[in-house]
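A, B, ... follow the sequence lines: proteins, then strands. Residue 1 opens every chain.
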Amino acid sequence: MQRRIAHLDMDAFFASVELLRYPQLTGLPVVVGGRRGTLAPTSGEDFPRLRDYVGRGVATTATYAARALGVHSGSGLMKAAALAPDAILLPANFDDYVRYSRLFKATVAEIAPHIEDRGIDEIYIDLTERPGETVALAQRIKDAVRAATGLSCSIGVTPNKLLSKIASDLQKPDGLTVLDFADIPTRIWPLPARKINGIGPRAGARLEALGIHTIGELAAAAPEMLIREFGQHYGRWLNDAAHGRDERPVVTERETKSISRETTFERDLDAKADREELTRILLSLCERVAGDLERKGYVGRTIGLKLRYDDFRTVTRDTTLEQATDDAQTILAAVRACLRRVPLDRRLRLLGVRVGTLTPPGEPGARGPEPGGNLRLFD
DNA sequence: TCTGGGGTCCTAGGACCC
DNA sequence: TCTGGGGTCCTAGGACCC
């Protein structure tokens, strides 16, 4: 039985939600991002511009007009301002995005409930068991999402997740792309290898260095060579991916593995001179992680510290406790122990606290979620 | 004008046990 | 006493994704 898997991706999600609030910005270059200090517009016409931004923030999302100027999600804002000084900069409103995320997922679930969550703005949908014509069904989903949220999305439908993820990106925004295995040579092989989900900056650069630029060139590469260069596991996967082979199922339920909080400072801090400030930050991170654990009903045994130096090198230390906890002071004590094992001879730009080896809510050792806490995907 | 914050998975070495 | 192999847990780092 041939599978039919859809990948649905909301178009420029955060920016599109902001445009619902400020429809007068439609069509303009708009960037969502920045950090504390990124000001919300004071009125309906006076919007902050990218050129006025100072700080370490990055773009979380950019409208298509902003992307046309070279600003993409992940772009440093100071750098982006050089490309698009007049672009409008809006602060992120995460609560809104979570609301719209729940809304579009619940809307899709009413039509096709076999859904895998892939973050705030993406899902896979298994349509294999769905009677009826695939294109009509996908169009119905797009229409329903627009009716419920006012937002557009792009959908790819193919025999597997790997191909659908690529397909949903082919006709953005507001696209609907249906492919079969027979379309791979014409539609997939001409694309850059980096379009494959799982080939990142690192592997992409190594492939370039080997003279492999497109997915087709990757498909034509000898599997033995890929295994030699990238190892047994990843080499074999590269070969399979380039030929569009992917048997991964759509996973509807998944257990959280870790919960963390981290923060990049406004300016780099010195372990000695800024000791008090660093202590305050560390305590606050522990309290926020503890709050997240409590709200979700988890307790965890592995406590981790993350630290980034001014030269961007990152180190981590962790320690595993006898007894799982969600207590801020217990977490702080463990993080302090980790801190003693790390050299503090450079200025710091980031601290992070992580709790792993979680005991799920409902199991012995874990408390139930707080009343009012949101555990479920759709509620 | 460098590079946010929340995650997952993989690798690899050492400890420890059978 | 020596050798070897397998399994699990712990820790550190890194690639990748949204």
Subject >> Residue pair A:Ser154 / A:Asp169, side-chain donor-acceptor N/O under 3.5 Å >> reply: no
Original post:
Within 45° of the ring axis of A:Phe265 and under 6.0 Å from its six-membered ring centre, is that where the NZ or CZ of A:Arg267 lies?
Top reply: no
Original post:
Does a nitrogen or oxygen in the side chain of A:Arg56 sit under 4.0 Å from OP1 or OP2 of B:dG4?
Top reply: no
Original post:
Contact class for A:Lys257 (heavy atom, under 4.0 Å): base, sugar-phosphate, or nothing?
Top reply: sugar-phosphate
**OP:** Determine whether A:Ile281 and A:Leu269 make a side-chain contact, defined as any pair of heavy atoms from C-beta on separated by less than 4.5 Å.
**Re:** yes
Original post:
Would you say B:dG5 has OP1 or OP2 under 4.0 Å from some side-chain N or O of A:Ser260?
Top reply: no
Original post:
Can you tell me how far P in B:dT3 sits from the matching atom in C:dC17, rounded to whole Å?
Top reply: 22 Å
Original post:
Can you list the stems that DNA chain C is part of, where a stem is at least 3 pairs in a row, each Watson-Crick or G-U, with both distances below 3.5 Å?
Top reply: B:5-18 with C:5-18
**OP:** Using a 4.0 Å heavy-atom cut-off across all strands, classify A:Val54 as base, sugar-phosphate, or nothing.
**Re:** nothing
Original post:
Are A:Ser73 and A:Thr61 close enough that a side-chain donor and a side-chain acceptor fall under 3.5 Å?
Top reply: no
Original post:
At under 4.0 Å between heavy atoms, what does A:Arg301 touch on the DNA or RNA strands: base, sugar-phosphate, or nothing?
Top reply: sugar-phosphate
Original post:
Can you tell me if A:Thr264 and A:Arg349 form a side-chain donor-acceptor pair at under 3.5 Å?
Top reply: no
**OP:** Just call it for A:Lys165: base, sugar-phosphate, or nothing, with non-hydrogen atoms closer than 4.0 Å on any strand.
**Re:** sugar-phosphate
Original post:
Between A:Lys172 and A:Asp11, is there a salt bridge with N-O shorter than 4.0 Å?
Top reply: yes
**OP:** Consider the side chain of A:Glu122, meaning its heavy atoms from C-beta on, and name the nucleotide among C:dT11, C:dC18, B:dG5 that approaches it most closely.
**Re:** C:dC18
Original post:
Going by a 90° cut-off around 0, is B:dC2 syn or anti?
Top reply: syn
Original post:
What does A:Ser75 touch in the nucleic acid at a heavy-atom separation under 4.0 angstrom: a base, only the sugar-phosphate, or nothing?
Top reply: nothing
Original post:
NA contact type, A:Arg354, heavy-atom cut-off 4.0 Å: base, sugar-phosphate, or nothing?
Top reply: nothing
